[in-house]
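Since the structure is predicted, the reported quantities are computational estimates derived from the model, not experimental observations.
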There are 2 protein chains.
Amino acid sequence: MSISSRFSVGIHILALIEINKNGISTSEFLAGSVNTNPAVIRKIIGMLKGAGLVKVQPGIAGAKLAMKLSDITLFDVYKAVNVVQEKELFSVHENPNPDCPVGRNIQETIVPLFEVAQIALEKSLGNVSVEDVVNDIIKKENIS
Amino acid sequence: MSISSRFSVGIHILALIEINKNGISTSEFLAGSVNTNPAVIRKIIGMLKGAGLVKVQPGIAGAKLAMKLSDITLFDVYKAVNVVQEKELFSVHENPNPDCPVGRNIQETIVPLFEVAQIALEKSLGNVSVEDVVNDIIKKENIS
DNA sequence: TAAACTTGTAATAATATTTGTTACAGGTGT
DNA sequence: ACACCTGTAACAAATATTATTACAAGTTTA
């Protein structure tokens with residue numbers, strides 16, 4: 001199992017809107033860069049919009065950033081596109097046997113430990129902004 | 001998406017082998033506590049065995065611990081049951097457009113950031129032993 | 001106003017993944 | 001010989017992910 005690529009696509013979209021800021025970033029344009037279907041892009045953009053990260057309007061071509069990229073962390077994107085539910089990165093087997101000391105306690109014991117690990121992951125994502133991503137792309141472009 | 005419950009089942013199995021150390025932990029017994037099919041347990045035990053965490057032999061009933069529980073961290077179990085491939089917790093969309101500056105750099109830019117986050121998660125799992133889990137279960141049992 | 005374009009969204013399909021089930025070969029001990 | 005176990009493969013069922021198609025409704029331009 002792995003975390004949905006909606007997350008990496010979301011980052012891609014935000015970075016490309018920025019780099020294409022003098023142009024119009026339609027779902028078709030973005031889809032051409034991500035290499036997927038425009039409807040997929042529109043769905044993800046809808047999620048980014050719901051989180052207040054981009055501005056889009058029905059009928060009006062193009063998505064714009066709604067915040068400074070330096071204020072958008074990877075964690076914000078991760079939450080926006082909803083790839084992992086809160087406290088549910090790890091799934092725990094259901095209905096262990098209540099007649100067994102391990103069965104009746106395992107969930108309560110394990111879930112907080114999993115939460116700590118999930119938070120460590122999310123904190124790490126919070127340390128990087130999409131601006132950092134854009135800067136890295138620009139740097140890579142200039143070198144090569 | 002979420003990480004396979006093989007992980008939580010693996011922890012459950014190890015904890016129960018310990019708590020049942022005076023008895024015989026057959027796959028059927030363990031399956032009864034986890035509440036799943038014995039074949040599922042045997043498969044997971046096979047993985048734990050492959051990682052050197054338990055001892056089992058064909059034909060001989062029962063699994064035994066192969067290491068001190070205090071030396072087995074949740075990270076060891078996590079690796080053993082193979083729920084997440086190395087560096088692949090996050091999936092990244094394939095074949096972005098090489099004719100776009102974002103498309104041709106996004107993977108190289110993002111993958112290392114995802115790795116850092118994954119390592120933060122794994123480090124957190126490494127801070128807890130299965131013995132800690134067992135002790136917590138015992139504590140909960142004594143209180144109630 | 002009509003035509004050409006867009007976004008938003010739903011329905012559907014294709015694919016992959018996870019979990020459970022069944023079956024049985026082969027080992028062990030009585 | 002019998003009863004029991006583990007190891008494993010084949011299969012089925014349930015779920016999740018991604019892509020595709022279609023179209024209503026908004027906007028712009030001519």
Side-chain angles (χ1 to χ4, degrees), chain A residues 1-10 12-13 17 20 23-51 54-64 66 78 81-85 88-96, chain B residues 1-10 12-13 17 20 23-51 54-64 66 81-85 88-97:
Chain A
M1 168 298 328
S2 81
I3 291 172
S4 167
S5 65
R6 266 208 311 282
F7 181 27
S8 63
V9 172
H12 188 141
I13 289 170
I17 291 173
N20 184 47
I24 296 175
S25 294
T26 65
S27 62
E28 196 180 344
F29 168 75
L30 295 167
S33 172
V34 170
N35 190 23
T36 184
N37 193 292
V40 171
I41 298 292
R42 290 199 289 273
K43 195 171 166 198
I44 295 174
I45 283 193
M47 292 173 155
L48 297 174
K49 181 185 183 180
V54 301
K55 289 176 290 193
V56 229
Q57 281 175 279
I60 302 182
K64 299 278 185 190
Y78 162 98
V81 299
N82 213 32
V83 280
V84 175
Q85 303 306 310
E88 294 188 2
L89 174 58
F90 296 92
S91 53
V92 176
H93 55 293
E94 312 263 308
N95 308 314
Chain B
M1 168 292 345
S2 79
I3 291 172
S4 168
S5 64
R6 266 207 312 279
F7 182 27
S8 63
V9 173
H12 188 141
I13 289 170
I17 292 173
N20 184 46
I24 297 175
S25 295
T26 65
S27 62
E28 197 180 344
F29 167 76
L30 295 166
S33 172
V34 170
N35 190 21
T36 184
N37 194 292
V40 170
I41 298 293
R42 290 199 291 273
K43 194 171 167 200
I44 296 174
I45 284 193
M47 292 173 156
L48 297 175
K49 181 185 184 181
V54 300
K55 289 176 290 193
V56 230
Q57 280 176 278
I60 302 183
K64 299 279 183 188
V81 300
N82 212 32
V83 280
V84 175
Q85 303 306 311
E88 293 187 3
L89 174 57
F90 296 91
S91 54
V92 176
H93 54 295
E94 313 263 307
N95 309 314
N97 189 341

So what does A/Ala63 hit on the nucleic acid, given a heavy-atom distance under 4.0 Å: a base, only sugar-phosphate, or nothing? nothing
Toward the 5' end of DNA chain D, which comes first, A/Gly59 or A/Thr36, by nearest nucleotide? A/Thr36
For C/dT19, does either OP1 or OP2 sit under 4.0 Å from a side-chain N or O belonging to B/Ser5? yes
Roughly, in whole Å, what's the span from NZ in A/Lys43 to P in D/dT17? 10 Å
Under 3.5 Å, is there a donor-acceptor pair linking the side chains of B/Ser33 and B/His12? yes
What is the distance, rounded to the nearest whole Å, between atom CD of B/Gln57 and atom P of D/dG7? 9 Å
Out of C/dT7, C/dG20, D/dA19, which nucleotide sits closest to the side chain of A/Pro58? C/dT7
Run the side chain to side chain donor-acceptor pair (under 3.5 Å) test on B/Ser25 and B/Asn20 for me, step by step, so that the C-alpha distance in whole Å, both residues' side-chain angles and the decisive distance to 0.1 Å come before the verdict. CA-CA 7 Å; B/Ser25 295; B/Asn20 184 46; 3.0 Å; yes
Taking CD1 from A/Ile60 and C1' from D/dG26, how many angstroms apart are they, rounded to a whole number? 8 Å
To the nearest angstrom, how far is A/Glu28 atom CD from D/dA19 atom C1'? 16 Å
Determine: side-chain N/O of B/Lys49 to OP1/OP2 of D/dG7, distance under 4.0 Å, yes or no. yes
In whole angstrom, give the distance that lies between atom CZ of A/Arg42 and atom P of C/dC5. 15 Å
When we call it a touch if two heavy atoms are under 4.0 Å apart, what does A/Val56 touch: a base, just sugar-phosphate, or nothing? sugar-phosphate
At their closest point, which heavy atom of B/Ile17 faces which heavy atom of B/Ala63, and how far apart are they? CG2-O, 3.6 Å
Give the rounded distance in Å between these two atoms: CD of A/Glu94 and C1' of D/dT15. 13 Å
Taking only side-chain nitrogens and oxygens of A/Ser4, does any of them come within less than 4.0 Å of OP1 or OP2 of D/dT17? no
Here the distance between atom P of D/dT18 and atom CD1 of A/Ile44, to the nearest Å, is 8 Å
Evaluate the side-chain proximity of B/Ile41 to B/Val9: yes if any heavy-atom separation is below 4.5 Å, no if none is. yes
Between B/Ser91 and A/Asn37, whichever has its closest DNA chain D nucleotide further toward 5' is B/Ser91
Rounded interatomic separation in angstrom, taking NZ from A/Lys55 and P from C/dT7: 16 Å
Among the nucleotides C/dT21, D/dC5, D/dT21, which one has an atom lying closest to any side-chain atom of A/Ala39? D/dT21
Over 60° means perpendicular and under 30° means parallel, so tell me whether A/Tyr78 and A/Phe7 are parallel, tilted or perpendicular. perpendicular
